[in-house]
Participant: 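This is the structure I want to talk about, given as C-alpha cells.
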2 protein chains.
Amino acid sequence: MAKRSIPDIVIGRLPVYLRALSFLVAEGRQITSSQELGDRLGISSAQIRKDLSHFGEFGKQGTGYEINFLHDQLRQILKVDRMWEVALVGAGNLGKAIADYAGFAGKGFVITSIFDTDGTKIGTRMGIENVAVMDVSALGQTIRDREISVGIIATPAEHAQGVARTMVDAGIRAILNYAPITITVPSNVRVQYIDPVVGLQRMTYYL
Amino acid sequence: MAKRSIPDIVIGRLPVYLRALSFLVAEGRQITSSQELGDRLGISSAQIRKDLSHFGEFGKQGTGYEINFLHDQLRQILKVDRMWEVALVGAGNLGKAIADYAGFAGKGFVITSIFDTDGTKIGTRMGIENVAVMDVSALGQTIRDREISVGIIATPAEHAQGVARTMVDAGIRAILNYAPITITVPSNVRVQYIDPVVGLQRMTYYL
DNA sequence: TAGATTGTTAATCGATTAACAATC
DNA sequence: TAGATTGTTAATCGATTAACAATC
C-alpha cells in the first residue's frame, strides 16, 4: 500500500509531523501515539494514522509509534535524510536573514550560493556558509555546475519571474518563493510561497 | 447570498487574488476576467468565480471585472482597507528583517511595537516605524493599552508558546508565527505559520 | 489476560469542475 | 445583433472522520 500517487495535501503535512517528532526526540521520549501527536498539532488522530498508512506500517497496535524510528522514516520519505544544496537569489535584508537563518541546520538544507545584482553586495561574504555573493549572471551556470535542485527567491516581485525562469532552465526543480507574486513554472517544478502579507490577510477577515 | 460561513479555504485564496489585482492596478489596467486571473494564478476560472460568488456579484456578463472595483471590494472583505497595528516579538536577525520589511506598506499592517528579552537590544530603535525595542515583560500591557489585535512571533521555538499565551491573554486574535513549532491557542484566535524548512520539505519528496 | 492503539474500511463531508442560462 | 463572460447549478471528485477488527 505505498508509493502510488500520494495526495499533495498529505505530503504537505509530513514536514509538520517530522517537526513534532524532532521535538519529541529532543525531549528524549521513546514512544508516542497518533493521539498525542494529534493533540500537539491540532489534527485528528485518525488523520495522522491515515496519512502515515500511505507509506507503510510504522506503529504497533496497543503501543503506538517508536519516535526515533518514525522520525527516521519520515526523513527518508521526505528525502531530507541528506543535504540539499540551495541557491539563494537576493541578498537584501530578507536574503541576508535567510542566509543567516540557523534553522536549516540538520533539516536537510544548506545555502551554498548567493546571488544579487547590486555591485556593492557582490563579493561580500554572507550566511551560515560565509559564501561570497555572486552576480546573478552566474546563476544558471552555477546551478548547472553544482547540479543544484533547490532555489530560494528573495528578490523584489518584478524580478521573481525572470529568476525563476533562469533557475528552471538550469535544472532547479523546487523553488521557495519569498517574492510577493505568483510565478509560472513548468508542471514538473514545485513552488512554495512565503508571503507574510498573505498570511496576515488570511486572518483579518475573522477579526 | 453573502456572509454566512464562508469556507476557510476560500478566505485563504482571497489575499492571493488581491495581490494579483494590485499588480493589475499598478499596470494601469481597467478590466480583467476570471480567465485571465486564473491563468496568472494557476487556478481555474470557475474556482475564482465561485469563490467571489460567496461575497456578492462583482462582475458583468460578457465583460468581466472592473479591476479597481474588485480590488476595493476584496480589501473591504478582508478588512485590509484600514491599518492594523502589529506587535512583533523577537528582535533577532529574523525579527529585524520583518520589522524592516517594506512589503507591509499599503497592505493593511504596520509594526508599531517590538519586544525582546535581550537587554542589549532593548531601547535600540528598529523597523520601518523606528520604534524602540521593549522588554517582553511589557508585551501584555502594551497590547491591552493600544488594543492591538495582530501579533507576530519571531522568537526561538522554545519561547513561542509562552509568547502566544501572553498575546492571547492580552487580547490578540491573530498570530503570524515564524517560530518552527505548532502553538496552541483558543479556537477564537487565528494562527498562520511561516516556516521555510516546512516549505522546502514539502518539495523534496518530489525530487 | 485486559487494555490500548494501530491500520483500514465505509460513510460522511466538503471542495472543485463542467456546463450553461442569463445577460452585458 | 453576435460574442463574451458572469453567476450558479449539479455532478464529480477528493479528503476527513468514525468505527472497529486485528493485535501488540
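Just so we're on the same page: letters track the sequence lines, and every chain starts at 1.
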Participant: Rounding to a whole Å, what distance do you find between Phe55(A):CZ and dT8(C):P?
Facilitator: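 Between P of dT8(C) and CZ of Phe55(A): 13 Å.
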Participant: Checking Phe58(B) now: which residues fulfil ring-ring contact (aromatic ring centres under 6.0 Å, His included) with it, not counting sequence neighbours?
Facilitator: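 Residues passing ring-ring contact (aromatic ring centres under 6.0 Å, His included) with Phe58(B): none at all.
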Participant: Using a cut-off of under 3.5 Å, enumerate the N/O to N/O pairs linking the protein to nucleotides 13-20 of chain D.
Facilitator:
residue	atom	partner	partner atom	Å
dT16(D)	OP1	Arg13(A)	NH1	3.0
dT16(D)	OP1	Gln47(A)	NE2	3.4
dT16(D)	OP2	Arg13(A)	NH2	3.0
dT16(D)	OP2	Gln47(A)	NE2	3.2
dT16(D)	O5'	Gln47(A)	NE2	3.1
dT17(D)	OP2	Ser44(A)	OG	3.3
dA19(D)	N6	Arg49(A)	NH2	3.3

Participant: Could you check whether Arg49(A) and Ser45(A), counting side-chain N and O atoms only, form a donor-acceptor pair closer than 3.5 Å?
Facilitator: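 Note: Ser45(A) and Arg49(A) side chains meet the donor-acceptor criterion.
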Participant: By a strict heavy-atom criterion of less than 4.0 Å, which residues belonging to residues 21-42 of chain A are in contact with DNA chain C?
Facilitator: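 Here the set is Ser33(A), Ser34(A).
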Participant: State which residues pass side-chain hydrogen bond (donor to acceptor under 3.5 Å, both in side chains) with Glu27(B); sequence neighbours excluded, sorted by chain then number.
Facilitator: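 In terms of side-chain hydrogen bond (donor to acceptor under 3.5 Å, both in side chains), with neighbours along the sequence ignored, Glu27(B) is linked to Arg40(B).
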Participant: By a strict heavy-atom criterion of less than 4.0 Å, which residues belonging to residues 60-74 of chain A are in contact with DNA chain C?
Facilitator: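 Heavy-atom contacts with DNA chain C come from Lys60(A), Gln61(A), Gly62(A), Thr63(A), Gly64(A), Tyr65(A).
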Participant: I'd like to know if Arg190(A) pairs up with Asp8(A) as an ion pair, taking the criterion as any Lys NZ or Arg NE/NH1/NH2 lying under 4.0 Å from an Asp or Glu carboxylate oxygen.
Facilitator: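 Looking at Asp8(A) together with Arg190(A), the answer is yes, because their closest N to O distance falls below 4.0 Å.
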Participant: With sequence neighbours left out, write down each residue that passes side-chain contact (heavy atoms from CB on, under 4.5 Å) with Asn68(B), or none if nothing qualifies.
Facilitator: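 Per chain and number, Asn68(B) pairs via side-chain contact (heavy atoms from CB on, under 4.5 Å) with Val25(B), Glu66(B).
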Participant: Can you sort out the partners of Arg29(B) under salt bridge (charged side-chain N to carboxylate O under 4.0 Å, His left out), two or more places apart, ordered by chain and number?
Facilitator: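 Counting only residues at least two positions away or on another chain, Arg29(B) forms a salt bridge (charged side-chain N to carboxylate O under 4.0 Å, His left out) with Glu36(B).
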Participant: Which dot-bracket notation, 5' to 3', represents the base pairing of DNA chain C when pairs are defined as Watson-Crick or G-U with both distances under 3.5 Å, crossing pairs as [ ], and inter-strand pairs as |?
Facilitator: ..||||||||||||||||||||||
Participant: Looking only at side-chain N and O atoms, does Gln35(A) offer a donor or acceptor that is under 3.5 Å from a partner on Asp39(A)?
Facilitator: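 Yes.
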Participant: Leu52(A) has an atom CG; how far is it from atom P of dT6(C), in whole Å?
Facilitator: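 Rounding to the nearest Å, CG of Leu52(A) and P of dT6(C) are 9 Å apart.
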Participant: Using the ring-ring contact (aromatic ring centres under 6.0 Å, His included) criterion, which residues pair with Phe104(B)? Sequence neighbours excluded.
Facilitator: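 Once residues adjacent in sequence are excluded, the partners of Phe104(B) under the ring-ring contact (aromatic ring centres under 6.0 Å, His included) criterion are Tyr101(B).
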Participant: Answer yes or no: is there a side-chain heavy-atom contact under 4.5 Å between Tyr193(A) and Val198(A)?
Facilitator: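 Tyr193(A) vs Val198(A): side chains apart.
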Participant: Name every donor-acceptor pair, under 3.5 Å, that has one atom in a side chain of residues 147-157 of chain B and the other anywhere in the protein, sequence neighbours excluded.
Facilitator:
none

Participant: For a quick test of your reading: what N or O donor-acceptor pairs under 3.5 Å do the side chains of residues 80-89 of chain A make, sequence neighbours left out?
Facilitator:
residue	atom	partner	partner atom	Å
Trp84(A)	NE1	Lys79(A)	O	2.7
Glu85(A)	OE1	Thr112(A)	OG1	2.7

Participant: If a pair satisfies salt bridge (charged side-chain N to carboxylate O under 4.0 Å, His left out) and one of its residues is in residues 192-207 of chain B, list it, with sequence neighbours excluded.
Facilitator: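 Every salt bridge (charged side-chain N to carboxylate O under 4.0 Å, His left out) pair that includes a residue of residues 192-207 of chain B, provided the two are not neighbours, is Arg19(A)-Asp195(B).
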